[in-house]
Amino acid sequence: MEYNFRAIEKKWQEQWVHSKVYQVKNDSSKPKCYVLDMFPYPSGAGLHVGHPLGYISTDIYARYKRLKGYNVLHTMGYDAFGLPAEQYALETGQHPAVTTAKNIKTFREQLDNIGFSYDWSREINTSDPSYYKWTQWIFLQLFESWYNRNTQKAEPIRTLIAAFEKDGNAGNPCPGDRTIQFTAEQWKSYSEKEQREILMQYRLAFLAYAEVNWCAALGTVLANDEVVNGVSERGGYPVVKKKMRQWFLRITEYANRLLDGLETVEFSEAMKEMQRNWIGKSQGAEIKFAIKNSDEKVEVYTTRPDTIFGVDFMVIAPEHELVQKITTPEQKAAIDAYLEYVQSRSERERMSEVKQVTGCFTGAYAINPFDGREVPIWIAEYVLAGYGTGAIMAVPCGDQRDFNFAQHFHLPITNIIGEGFNGTEANPTKDAILQNSGFLNGVDMRTAADLVIDKLEEMGIGRRQINYKMRDAGFSRQRYWGEPFPIVYKDGVPYAIDEKDLPLELPHVENYKPGPEGEGPLANITDWVNIAPGVKRETNTMPGYAGSSWYFLRYMDPHNTHTFADRKVTDYWNQVDVYVGGTEHAVGHLLYSRMWTKVLYDLGYIGFQEPFKQLINQGMIQGSSRFVYRIHGTNQFVSHGLKDQYETDKLHVDVNIVDGLVLDTEAFKKWREEFAGATFLLEDGQYICGQEVEKMSKSKFNTVNPNDLVEKYGADTFRMYEMFLGPVEQSKPWDTKGIEGVHRFLKKLWRLFVDEQKGVVVTDENPTPEELKILHTAIHKIDSATNTFSFNTAVSAFMICVNDLTSIGCRKRNILESVLILLAPYAPHVAEELWQLIGFNESILNAPYPVYKEEYTKESNFTYPIALNGKTKTEMSLGLDLDNAALEAAVLANETVQKLLDGKAPKRVIIVKGRMINLVV
RNA sequence: GCGGAUGUGGUGAAAUUGGUAGACACGCCAGACUUAGGAUCUGGUGCCGCGAGGCAUGGGGGUUCGAGUCCCUUCAUCCGCACCA
């Protein structure tokens, strides 16, 4: 009987399906554990070896926790709405639902091949109406809620209306527009339309005109994180700013809670830092400066109010509304020219020429409230309209950009930090003592900041202000393949559709071309859009992140038709205990899902406000591409070492027909028709390819399909090899070479149990202390390594264990049973098979995890390294029960040591019991 | 520019957190069994040196009896953000 992994794996995969061993109940006397993967977008390319890295980790962990006595929720599904399917539909006319279903089928087959323990009865698909019904429902909750800054949580919009009817909006200033102010009487006098317009400024999901990233080539609006260097992430098409009426989520109201929540979760420091940067909290002050000969005021935001005596000029954004009002007639022509220049510059240019200093003087002067100094007001593109107040007070001695600006335009620089400023570059210190600063002279900057703000508040021209870089999240897409908004417009006023009419299903369309004026394809279906005279549907759809913002909740209760997930069930499963996925979702998906969770928590639908307790970022598996070199204009290929002698074209070649770096030339000729007649210039009889590490992608022919490896070595080998590659968090190029070693290990393990001729050879003898030591060393190492996601070291511990047991010929049931249970999470098929072969009828999944007993690994002796001045010279086996004096005596009596000491006595003897002994001379 | 991470043999990587650097594998070398082997098994394999021995964790410095691990400094690579006042 040899290790026939193909038969074994097929048998157990069928057996698992048949006996429903992975179905999980929503209650149990056992403690719960929720282990989740970021669900994939089912692309047409299928899975490559990079995808399962995370999935295998979670599967091992989930199986491990189950053996440890937990009720484990471990699920998989598909993030199935999205642009690629729609692009494909545009090109081929195939309905996205059709291609998506096909892709899902491929993914499922590939996943099943690897032997995962998902509870597939809970599978979800975000494009399924039974799922997006609840995405739409949650959207309506967002639409019907506002953020109460007094209670610091989301509340139903009716509590806001009640407040308006009582006190107007005095207690609840408008987050969308601070200038909106009204009394209770005024509120009651407004028409319904006016009231709803005001409420819109408060809703968590709201409509606003805003500049969006408009990509004409894709015919759609893109999120900031879908725009890279001014072009679309997909396709690399140009992106421009365009004003459109868009849905937004008021995530900025949650900025502070999203920030504070990071303290309560276990994410990597890198991940937390990325989110902190994205949220970008800063504390400072808003200050109003009077303008000379004008009633206008210019309001700036600064984080450094302490430097107010160092203000030498003001800069406002070119888009700032004050520009037209304060520009003097003499400067008008210059300013107009500058504005024209700014408008002519694409987003891309502005980004790529960050260091260039440009600007223009308005002719107006602002007045420093403390010393009455008049400083010029400039406009410049380095000041952004969208951040703070769109205006700054410039302190060139303390801020490098202000300094560069002052130098460029020859503006005088006031020094308020004495020797701290050297005149050649700005010094942004906060630790100087102020000089040249009126009433602040001699005060340190940190203290001065508070003094200034207090004084400004007293004078009524300034106040403390916290700002965030984060913007509200755009939530509309002019696309077809997404969730339709459950919204209708009556005379242009948006209303929620009735909950009982959910889901609002995505209608069928004839084609996927964008609608008129940048609208989505839905706008083309006029009889769907126009419900009644004056009543129209929303034609935008929701963005890709809508469905993924809450899917972890649906897995808990996937078939519930009354609610998105029953409160009792979400209370039971609670937070995701371990969430595994790539870093690319650091600021998108992770922030949105954290926000949705907080909203649902505020509204009382769930009982926790952080979705993911622990996050592990799997590294990216890169592709290791191979290249061949074709002599230009011929069909002759030259080996890598000889290529410099010719003029060649470098071509990607399929990594699957290259062994290491050696090309299989026959396979190459068959690979593509155009190479059928290829000839080769070889080195030492071989064609050597070039290699480069690149992203794994079909177009680079460097993808490796897990199916091929599973076919050749088996799922168990594949699983363990992926883990053996290195720490899960680390990115590394894929290399199939080492898989043999893991395969050998499994064959060796098999031979511990089964002899080719004799069959099962396991005995019932009692284990020796040596065997128990091998086992318990393995238990200790594997248990803790699995628990800490250090799977690569666990695999090596398995190898050591099996090597040791093989070399002493141990075939004892007592030992081997435990080894199998340890192995079951890693290589579930072979573990089940051997478990059955040694006589168990029940699945190994329900066996108890072995418990480490220290007594078996305890030694009476320890082989001490004996070092002289910290350098190991020899070793001695000495009793662990010896005290330091006895150890010292034994060491000094040692022949080698005496020779080394050469008659001299050591100055000091350092003894670390059970570790080492060091002689200092 | 700011923030984060990483740097260890020919390769992937270990190292109980300050205590024998290179476990476990791949690759390579030698051998055994073989008609054969891309099967299996045995031994070897950081570098220099015939050897005793010396040198080695990106470089330089420091703390310590002892540093891959802590501190300072410097270089390189990768990732994220990027005119955020």
Side-chain angles (χ1 to χ4, degrees), chain A residues 2 225 229 268-278 280-282 284 300-304 307 315 317 350-351 353-357 380-384 386-395 398-402 404-405 428 467-471 583-584 586-587 617 619-620 622 659-660 693 721 724-727 729-742 744-745 747-748 751 780-781 784 790 792-801 803 806 863-875 906-912 914-921:
Chain A
E2 52 173 21
D225 33 314
N229 293 329
S268 69
E269 202 40 51
M271 188 63 41
K272 289 187 179 182
E273 206 51 40
M274 267 188 237
Q275 294 205 4
R276 284 190 200 113
N277 283 339
W278 187 260
K281 181 177 183 170
S282 70
V300 303
Y301 174 72
T302 178
T303 55
R304 299 298 304 275
T307 61
V315 187
R350 273 179 87 157
M351 279 177 136
E353 297 166 27
V354 160
K355 295 284 175 282
Q356 195 178 322
V357 180
E381 55 181 341
Y382 85 92
V383 172
L384 308 174
Y387 183 75
T389 60
I392 63 158
M393 56 179 225
V395 182
D399 182 288
Q400 192 59 42
R401 289 158 310 171
D402 297 347
N404 293 344
F405 194 86
N467 268 338
Y468 300 94
K469 282 190 236 173
M470 186 166 68
R471 303 273 77 108
T583 22
E584 65 273 21
V587 290
N617 290 114
M620 196 173 32
Q622 295 138 310
D659 179 21
V693 172
Y721 180 57
F724 191 54
L725 283 175
E729 296 91 340
Q730 208 155 76
S731 290
K732 56 235 154 193
W734 177 262
D735 180 9
T736 304
K737 277 255 148 151
I739 198 168
E740 299 277 356
V742 176
R744 269 176 218 145
F745 154 75
K747 285 196 279 194
K748 203 165 174 178
R751 289 197 301 270
H780 191 47
K781 176 71 194 168
S784 73
S790 179
N792 56 327
T793 61
V795 175
S796 97
F798 277 118
M799 289 171 169
I800 293 169
C801 175
N803 287 347
T806 301
T863 305
Y864 282 93
I866 312 296
L868 196 72
N869 291 335
K871 295 201 171 173
T872 309
K873 295 291 176 185
T874 181
E875 46 187 41
K907 236 194 285 181
R908 251 177 99 183
V909 180
I910 315 267
I911 296 173
V912 184
R915 285 254 189 270
M916 46 68 66
I917 294 169
N918 188 17
L919 306 173
V920 188
V921 296

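In what follows, chains carry the letters A, B, and so on, assigned in the order in which the sequence lines appear, proteins first and then strands, with residues in each chain numbered from 1.
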Complement of [N], any strand, by Watson-Crick or G-U distances under 3.5 angstrom:
| N | result |
| --- | --- |
| U45(B) | G27(B) |
| U20(B) | none |
| C2(B) | G80(B) |
| U57(B) | none |
| U40(B) | A32(B) |
| A52(B) | none |
| G9(B) | none |
| A67(B) | none |

Within the structure, does a side-chain N or O atom of [X] lie under 4.0 Å from either OP1 or OP2 of [N]?
| X | N | value |
| --- | --- | --- |
| Thr793(A) | A13(B) | no |
| Tyr382(A) | A85(B) | no |
| Gln400(A) | G1(B) | no |
| Asn803(A) | A25(B) | yes |
| Asn277(A) | C2(B) | no |

Nearest atoms (heavy-atom pairs only) where Tyr387(A) meets Ser282(A): OH-OG, 3.1 Å
Residue pair Asp402(A) / Met393(A): nearest heavy atoms and the distance that separates them: OD2-O, 4.1 Å
Take atom [atom1] in [N] and the same atom in [M], then report the distance between them in whole Å.
| N | M | atom1 | result |
| --- | --- | --- | --- |
| G4(B) | C55(B) | C1' | 34 Å |
| U17(B) | U63(B) | P | 26 Å |
| U11(B) | U45(B) | C1' | 14 Å |
| G7(B) | C71(B) | P | 15 Å |
| G12(B) | G27(B) | C1' | 11 Å |
| U6(B) | A15(B) | P | 14 Å |
| G80(B) | C47(B) | C1' | 38 Å |

Which atoms of nucleotides 38-45 of chain B (N or O only) lie under 3.5 Å from a protein N or O atom, and what are those distances?
{"unit_1": "U40(B)", "atom_1": "OP1", "unit_2": "Lys747(A)", "atom_2": "NZ", "d": "3.4"}
{"unit_1": "C41(B)", "atom_1": "OP1", "unit_2": "Arg751(A)", "atom_2": "NH2", "d": "3.0"}

Stepwise side-chain contact (heavy atoms from CB on, under 4.5 Å) test for Val795(A) and Tyr721(A): CA-CA 9 Å; Val795(A) 175; Tyr721(A) 180 57; over 6 Å; no
What's the closest nucleotide to the [X] side chain, out of [options]?
| X | options | result |
| --- | --- | --- |
| Asn918(A) | C65(B), A13(B), C81(B) | C65(B) |
| Met916(A) | A85(B), G19(B), C24(B) | G19(B) |
| Met799(A) | A85(B), A25(B), G19(B) | A25(B) |

How long is the line joining [atom1] of [X] and [atom2] of [N], in whole Å?
| X | N | atom1 | atom2 | value |
| --- | --- | --- | --- | --- |
| Arg915(A) | A21(B) | CZ | P | 14 Å |
| Arg276(A) | A82(B) | CZ | C1' | 19 Å |
| Lys737(A) | A25(B) | NZ | P | 18 Å |
| Asn617(A) | U6(B) | CG | C1' | 15 Å |
| Leu725(A) | A25(B) | CG | C1' | 11 Å |
| Ile800(A) | A15(B) | CD1 | C1' | 12 Å |
| Lys732(A) | G12(B) | NZ | P | 12 Å |
| Phe745(A) | C26(B) | CZ | P | 13 Å |

Basic-acidic side-chain contact under 4.0 Å: Glu740(A), Lys747(A): no
Side chain proximity check, Asp399(A) to Pro428(A), heavy atoms < 4.5 angstrom: no
Under 3.5 Å: donor-acceptor pair, side chain of Tyr864(A), backbone of Gly914(A): yes
Closest-nucleotide 5' rank along RNA chain B - winner of Gly390(A) and Asn792(A): Asn792(A)
